[in-house]
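The basis for the numbers below is simple: all heavy atoms, side chains too, and nothing from hydrogens, waters or symmetry mates. The structure displayed is predicted, hence computed values, not measured ones. Proteins come first, then strands; the chains are lettered A, B, ... in the order of their sequence lines, and each starts at number 1.
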There are 2 protein chains.
Amino acid sequence: MADALNNSILKSIKTFKTIQSEVQSINRVALSVDCVIFGFDENKLKVLFIRSDLKKYQSKWSLLGDLVKPEECLDTSAYRILKQRTGLDDVYMEQVHTFGDVHRHPAGRVVTVAYCSLINIQHHKLKILDNELHWHDADSVSELAFDHKEIFDTCFLRLQKRVQEHPLGFSLLPGKFSLRELQNLYEAILSIKLDRRNFRKKFFAMDFLVDLNEIEKNVPHRPGRLYKFDYDKYEKKKKKWSGIDF
Amino acid sequence: MADALNNSILKSIKTFKTIQSEVQSINRVALSVDCVIFGFDENKLKVLFIRSDLKKYQSKWSLLGDLVKPEECLDTSAYRILKQRTGLDDVYMEQVHTFGDVHRHPAGRVVTVAYCSLINIQHHKLKILDNELHWHDADSVSELAFDHKEIFDTCFLRLQKRVQEHPLGFSLLPGKFSLRELQNLYEAILSIKLDRRNFRKKFFAMDFLVDLNEIEKNVPHRPGRLYKFDYDKYEKKKKKWSGIDF
DNA sequence: AATTATTGTGTAAAATAAACACATTCTTTC
DNA sequence: GAAAGAATGTGTTTATTTTACACAATAATT
């Protein structure tokens with residue numbers, strides 16, 4: 001037993017030559033990136049899917065993804081996909097998890113790195129030109145192609161956790177927003193009701209909202225004040241908090 | 001501008017044939033798994049490295065890793081590496097992050113999936129037979145081969161965060177442990193001093209420690225009581241907490 | 001001018017976390 | 001075997017954070 005173990009250890013120690021030949025010839029896999037792109041519209045959390053381009057899965061929606069190019073970093077690849085599909089680039093994006101089950105994809109062994117990104121649906125640069133693309137309600141995503149439902153679930157959970165630790169939510173809102181909109185956003189992401197007064201208190205205490213001295217327009221009731229998120233202030237504060245950032 | 005964008009979108013929609021040929025021929029990369037294996041010994045957090053097998057990096061230590069085999073899932077691959085190197089399998093293991101910078105590895109394009117695992121250094125099955133392997137102090141890791149320092153840092157930060165949210169620490173301890181040992185562990189991982197009374201209170205309140213009605217042996221002072229971690233109780237509790245689990 | 005809907009604000013209670021001291025028990029030393 | 005040393009084991013008080021909760025002010029609509 002100990003010998004067998006010892007043996008396998010010795011076997012697993014490889015020379016540079018062995019490694020190089022393995023890297024160059026065998027043991028290669030296709031690598032892709034899949035993006036779970038969230039948006040927020042009409043007080044609902046939305047997620048962008050595309051009609052699957054594989055016949056067998058044609059009735060199903062799938063995530064936006066592509067194979068990673070030989071001279072492309074993972075993050076670069078994710079930004080490329082986002083840019084191609086939405087026209088946006090300066091957005092929040094985070095690598096979430098890598099999925100590599102042997103038979104997860106019908107076209108062969110494809111390992112995929114999942115990214116979560118948050119975009120502002122009202123952004124003037126946003127262009128969803130492809131009519132195969134569609135915004136779905138994030139709280140009622142049913143079956144997706146391949147293992148994309150699992151990937152989506154993982155990213156959604158990650159978003160729910162992240163948003164409680166860091167002020168990411170602003171990425172989903174326009175530059176100017178009311179506190180009601182901000183609260184609606186959090187309620188939508190977390191599927192909970194929040195106390196309005198405590199919510200306001202909390203965000204004011206964090207002290208990275210800037211009062212724009214403007215008020216909402218075209219609302220059928222008393223308009224609220226508009227704020228913007230102060231990234232600089234937040235960055236400064238972040239340093240003071242725990243160095244542990246994820 | 002809009003046309004160019006539109007164009008790139010159209011170009012990026014691929015047929016099944018295109019995808020299949022890409023998956024099968026071009027656009028492939030070598031994929032590896034690297035394990036950051038933590039242990040706890042003499043009140044210090046330890047991490048297991050191996051002397052790099054690449055000449056250029058021979059003076060440096062590196063993580064334990066290997067290429068993912070064609071018929072192997074990522075988790076499977078990580079467990080295989082751990083088993084080969086340590087003889088252990090039933091351990092805590094978590095995928096942390098995937099590193100895919102184009103030039104991160106000298107042997108070519110190698111994308112690596114980093115795993116963090118926690119083992120009990122005193123485990124009777126543990127066998128570090130390879131004298132190229134060495135336990136290093138986790139708080140003083142200097143230069144490593146390739147981008148392994150970055151990978152280690154990422155995993156270490158993840159561990160520090162996780163250990164504050166979930167009772168992982170027990171994986172690093174023997175089955176029976178005293179509260180002092182448990183506290184030493186947390187202090188080592190987080191590099192902080194904790195109040196002994198509040199620490200005890202907290203863990204007792206969580207209510208998944210089982211008093212074994214035994215006491216420490218061979219300690220040069222009054223021996224403490226021994227406890228074990230009750231996994232079943234923890235699993236039950238976990239469900240009651242937020243469904244958001246990472 | 002009255003009604004309606006939502007904004008904006010403060011305080012009290014409850015829960016959680018932090019600070020803190022002394023008696024007890026076993027080991028070692030004299 | 002008596003005294004000294006060193007760490008265990010325990011409760012209370014204070015500070016901080018979170019939760020619960022009500023009413024006046026403002027703009028839009030009728």
Side-chain angles (χ1 to χ4, degrees), chain A residues 42-43 160-161 163-167 169 173-174 176-188 190-228 237 240-242 244, chain B residues 42-44 160-161 163-167 169 173-174 176-228 237 240-242 244:
Chain A
E42 292 175 334
N43 290 341
Q160 290 181 321
K161 186 168 164 71
V163 92
Q164 296 187 64
E165 298 172 335
H166 299 285
L173 292 175
K176 301 176 181 183
F177 51 86
S178 68
L179 276 178
R180 161 57 55 189
E181 289 174 298
L182 187 60
Q183 186 176 339
N184 284 343
L185 173 64
Y186 275 80
E187 291 181 341
L190 300 173
S191 297
I192 51 173
K193 284 300 287 176
L194 296 166
D195 180 274
R196 196 162 54 90
R197 281 159 297 186
N198 293 335
F199 181 84
R200 298 168 74 91
K201 209 189 309 174
K202 192 164 215 162
F203 270 89
F204 287 140
M206 292 182 203
D207 193 35
F208 42 58
L209 289 183
V210 180
D211 188 334
L212 293 170
N213 286 313
E214 295 178 58
I215 57 169
E216 292 177 292
K217 295 231 188 308
N218 303 321
V219 284
H221 54 75
R222 174 179 175 184
R225 303 179 74 81
L226 292 175
Y227 298 84
K228 68 168 184 177
K237 276 175 199 306
K240 284 191 228 162
W241 302 341
S242 76
I244 301 164
Chain B
E42 293 176 334
N43 290 339
K44 288 196 154 190
Q160 290 182 320
K161 185 168 165 70
V163 92
Q164 297 187 64
E165 298 172 335
H166 300 284
L173 293 175
K176 301 176 181 185
F177 51 84
S178 68
L179 276 176
R180 161 57 55 190
E181 289 174 298
L182 187 59
Q183 186 176 339
N184 284 343
L185 173 65
Y186 275 81
E187 291 180 341
I189 294 176
L190 301 172
S191 297
I192 50 173
K193 284 301 287 176
L194 296 167
D195 181 273
R196 195 162 54 89
R197 284 159 293 186
N198 292 336
F199 181 83
R200 297 168 74 90
K201 209 186 309 173
K202 192 165 214 162
F203 271 89
F204 287 141
M206 291 183 204
D207 193 35
F208 42 59
L209 289 182
V210 180
D211 188 334
L212 294 170
N213 287 312
E214 294 178 60
I215 56 169
E216 292 178 292
K217 294 228 190 309
N218 303 322
V219 285
H221 53 75
R222 173 178 177 186
R225 302 178 76 80
L226 292 176
Y227 298 84
K228 70 167 185 177
K237 277 176 199 304
K240 284 191 227 162
W241 302 341
S242 75
I244 301 164

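Note: A/F204 and A/Y227 have tilted aromatic rings, judged against thresholds of 30 and 60 degrees for the angle between ring planes.
For A/N213, the side-chain contact (heavy atoms from CB on, under 4.5 Å) partners are A/D211, A/R225, not counting sequence neighbours. Applying the salt bridge (Lys or Arg N to Asp or Glu O under 4.0 Å) rule to A/K176 yields the partners A/E214; only residues at least two apart in sequence or on another chain are considered.
For the helix from C/dA1-D/dT30 to C/dC30-D/dG1, the end axes, each set by the C1' atoms of five terminal pairs, are bent relative to each other by 10° (nearest 10°).
Between A/E181 and A/F177, the shortest heavy-atom distance links the atoms OE1-CA, 3.3 Å. B/L226 and B/S178 make their closest contact through CD2-N, 3.7 Å (heavy atoms, listed as atom of the first residue, atom of the second, distance). Closest of all the heavy-atom pairs between B/N43 and B/A188 is O-CB, 4.0 Å.
Distances shown here put every side-chain N or O of B/R197 at or beyond 4.0 Å from the OP1 or OP2 atom of C/dC20.
Distance CD (A/E181) to C1' (C/dT7): 13 Å, rounded to an integer number of Å. Between B/R222 atom CZ and C/dT25 atom C1' there is a gap of 4 Å when expressed in whole angstrom units. B/R196 has its CZ atom 12 Å from the C1' atom of C/dA23, to the nearest Å. The CD1-C1' distance, from B/I215 to C/dC26, rounds to 8 Å in whole Å. B/F204 has its CZ atom 12 Å from the P atom of D/dT8, to the nearest Å. Residue B/N198 contributes atom CG, which lies 15 Å from atom P of D/dT13 at whole-angstrom precision. Put simply, NZ on A/K202 is 19 Å from P on C/dT9, counting in whole angstrom units. Summarising the geometry, the separation between NZ on B/K193 and P on C/dA19 is reported as 14 Å, rounded to the nearest angstrom.
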Please assess B/E187 against B/Q183 for the test side-chain hydrogen bond (donor to acceptor under 3.5 Å, both in side chains), listing each intermediate value before the final yes or no. CA-CA 6 Å; B/E187 291 180 341; B/Q183 186 176 339; 3.0 Å; yes
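In terms of position along DNA chain C, the nucleotide closest to A/H221 lies nearer the 5' end than the nucleotide closest to the other residue of the pair B/K201 and A/H221. The nearest heavy atom of DNA chain D to A/D195 and to A/V219 marks one nucleotide each, and the one closer to the 5' end goes with A/D195.
Residue A/R180 places no side-chain atom within donor-acceptor reach of the base of C/dT7, judged by atom type and a 3.5 Å distance cut-off alone. The base of D/dG9 has none of its N or O atoms less than 3.5 Å from a complementary donor or acceptor on the side chain of B/R200.
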